[in-house]
**Student:** 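Let me give you the structure first, and then I'll get to my questions.
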Amino acid sequence: MTYHEYNFDGLIGPTHNYAGLSFGNIASATNKGAASNPKEAALQGLAKMRAAMALGLKQGFLPPQDRPHLKTLRALGFSGSDKEIIEKAAKSEPQLLANCYAASSMWTANAATVAPSPDTGDGKAHFTPANLAANFHRSIEADTTARVLRHIFSDEKFFAQHPSLPGAMHFGDEGAANHGRLCESHGEKGVQLFVYGVDGDRFPARQKKRASEAVARNHLLDPAKTVFVEQSKAALDAGAFHNDVVGVANGAVLFLHEQSFADPKAAYAEIRDKAPFVDIIEAPANRVSLEDCIKSYLFNSQLLTLPGGEMALLLPKESEENPAVKAFVDETLSKNNAINRVIYKDVRESMRNGGGPACLRLRVVLSEAEAAAANPHFILDGQKIAALEGWVREHYRDRVTPDDLRDPAFMDESFWAMEALTRLLGMGAFYDFQQ
Ligand code: SUG
């Protein structure tokens, strides 16, 4: 059976803005209050999807969530018409309103953890939406994410959909951003690598070990093919709020910073034991500092196996602009190892909130039969991506400031856009605001 990796990117929503909501995410804090450009953001995201498709790769997307999330505001005691809810929240709780306006579902690496069918005990592909308990604005994504995943991967013959983990931060789970898979080819049984954190001196850890263990149990993974590794506090405190800021795995390659793991020697030994084929490519700290990693998002790249078997690194422009990082990337390529192609893409609007190319996608490895069972509206071709670009051009603003969130007209525009999207994608009355 032939398997392919599908990247499901988050379609960036019309309320994309910079509200400084994520403690421990340095870009989010630095850009708090800046003007955003949702139209540019969404088009940059779609251009990245086009670049992957041009490489001959399979590309899907997850739709944005409805924001402002009035259901949450109502649950928190704001009442009246939709307009009144926005006005009251803007007046008394502007920060809460900003949380309910976040377009953060764009970072679909945090949507869920996915185990492809070759790795699971029952031969189905398993999905667990992340509870994202560490940040309020993200925790309100989990319900709709579960609905989206069930909508796209609904066939129970092929797909097992789990609820997000209970217990809030006790089982804090951030999805695939702290999870990787090593394999000899996508369709062979792989080794699943879960990275968890322990609170640093400066920043809290979002992913708990017990959460990763629970996901592994639910996904019926083979313990002999599963590795749990602690992230280093140095990386966390430097701003690696998710492990995918300091490392990425694809196929047989683990590409990471020397200071990613708390005990790299022990971690590499276990990984090599369980995945003897692994090729570990490490960036030494004396070549690329953790600070350069966080600024450039070198490891928040997409490491992609191309149809001809080559491996490409899709990096953000910020990596090309950082001399130490660029030199390291050039050297990695010149060494003639498994990574042999580099593409730099501009996703600056997302980067300013701490989300690089890898944050913007959820990897789902599917057999041809599984792909045929998935909802075709969410798997892209040239025509569908052009339709999404047209939708963005028609509905999105090119400038949003914190003050715009107070204006009920912005809410109306966002809901009109989402309404049009549900029509385009045949989703029916899918979102909470349509109930
Ligand atoms: O959860 N930023 C996101 C970025 C997520 C990046 N994802 C991965 N590394 N996989 C976060 O911190 C900022 C929103 C704001 O501040 O307006 C935000 O949610």
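We count ligands from 1, going down the list as the structure has it; atoms in each ligand are counted the same way. Residue numbers start at 1 and run along the sequence shown.
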**Student:** Any nitrogen or oxygen of Y18, side chain or backbone, less than 3.5 Å from one on ligand 1?
**Tutor:** no
**Student:** Considering both backbone and side-chain atoms of H137, is one of its nitrogen or oxygen atoms within less than 3.5 Å of a nitrogen or oxygen in ligand 1?
**Tutor:** yes
**Student:** In terms of side-chain geometry, is the basic nitrogen of R217 or E213 positioned less than 4.0 Å from the acidic oxygen of its partner?
**Tutor:**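 Result for this pair is no, no salt bridge flagged.
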**Student:** Do NZ/NE/NH1/NH2 and the carboxylate oxygens of D330 and K326 come within less than 4.0 Å?
**Tutor:** yes
**Student:** At less than 4.0 angstrom from any non-hydrogen atom of S28, what atoms of ligand 1 do you find?
**Tutor:**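 Near S28, meaning under 4.0 Å from one of its heavy atoms, ligand 1 has 13 (C), 15 (C), 16 (O).
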**Student:** Out of all atoms in ligand 1, which are within 4.0 Å of some heavy atom of H242? Include the element for each.
**Tutor:** 7 (N), 8 (C), 9 (N), 10 (N)
**Student:** Would R363 and F8 count as a cation-pi pair here, with the cationic atom under 6.0 angstrom from the ring centre and within 45° of the axis?
**Tutor:** no
**Student:** Check E84 with K88, please: is the shortest side-chain N to carboxylate O separation under 4.0 Å?
**Tutor:** no
**Student:** Classify the contact between M351 and ligand 1 as side chain, backbone, both or neither, using a heavy-atom distance cut-off of under 4.0 Å.
**Tutor:** neither
**Student:** Any N/O of L21 closer than 3.5 Å to an N/O of ligand 1?
**Tutor:**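 Among all N and O atoms of L21, at least one is under 3.5 Å from an N or O of ligand 1.
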**Student:** Can you find an N/O atom of A19 closer than 3.5 Å to an N/O atom of ligand 1?
**Tutor:** yes
**Student:** At less than 4.0 angstrom from any non-hydrogen atom of A177, what atoms of ligand 1 do you find?
**Tutor:** 10 (N)
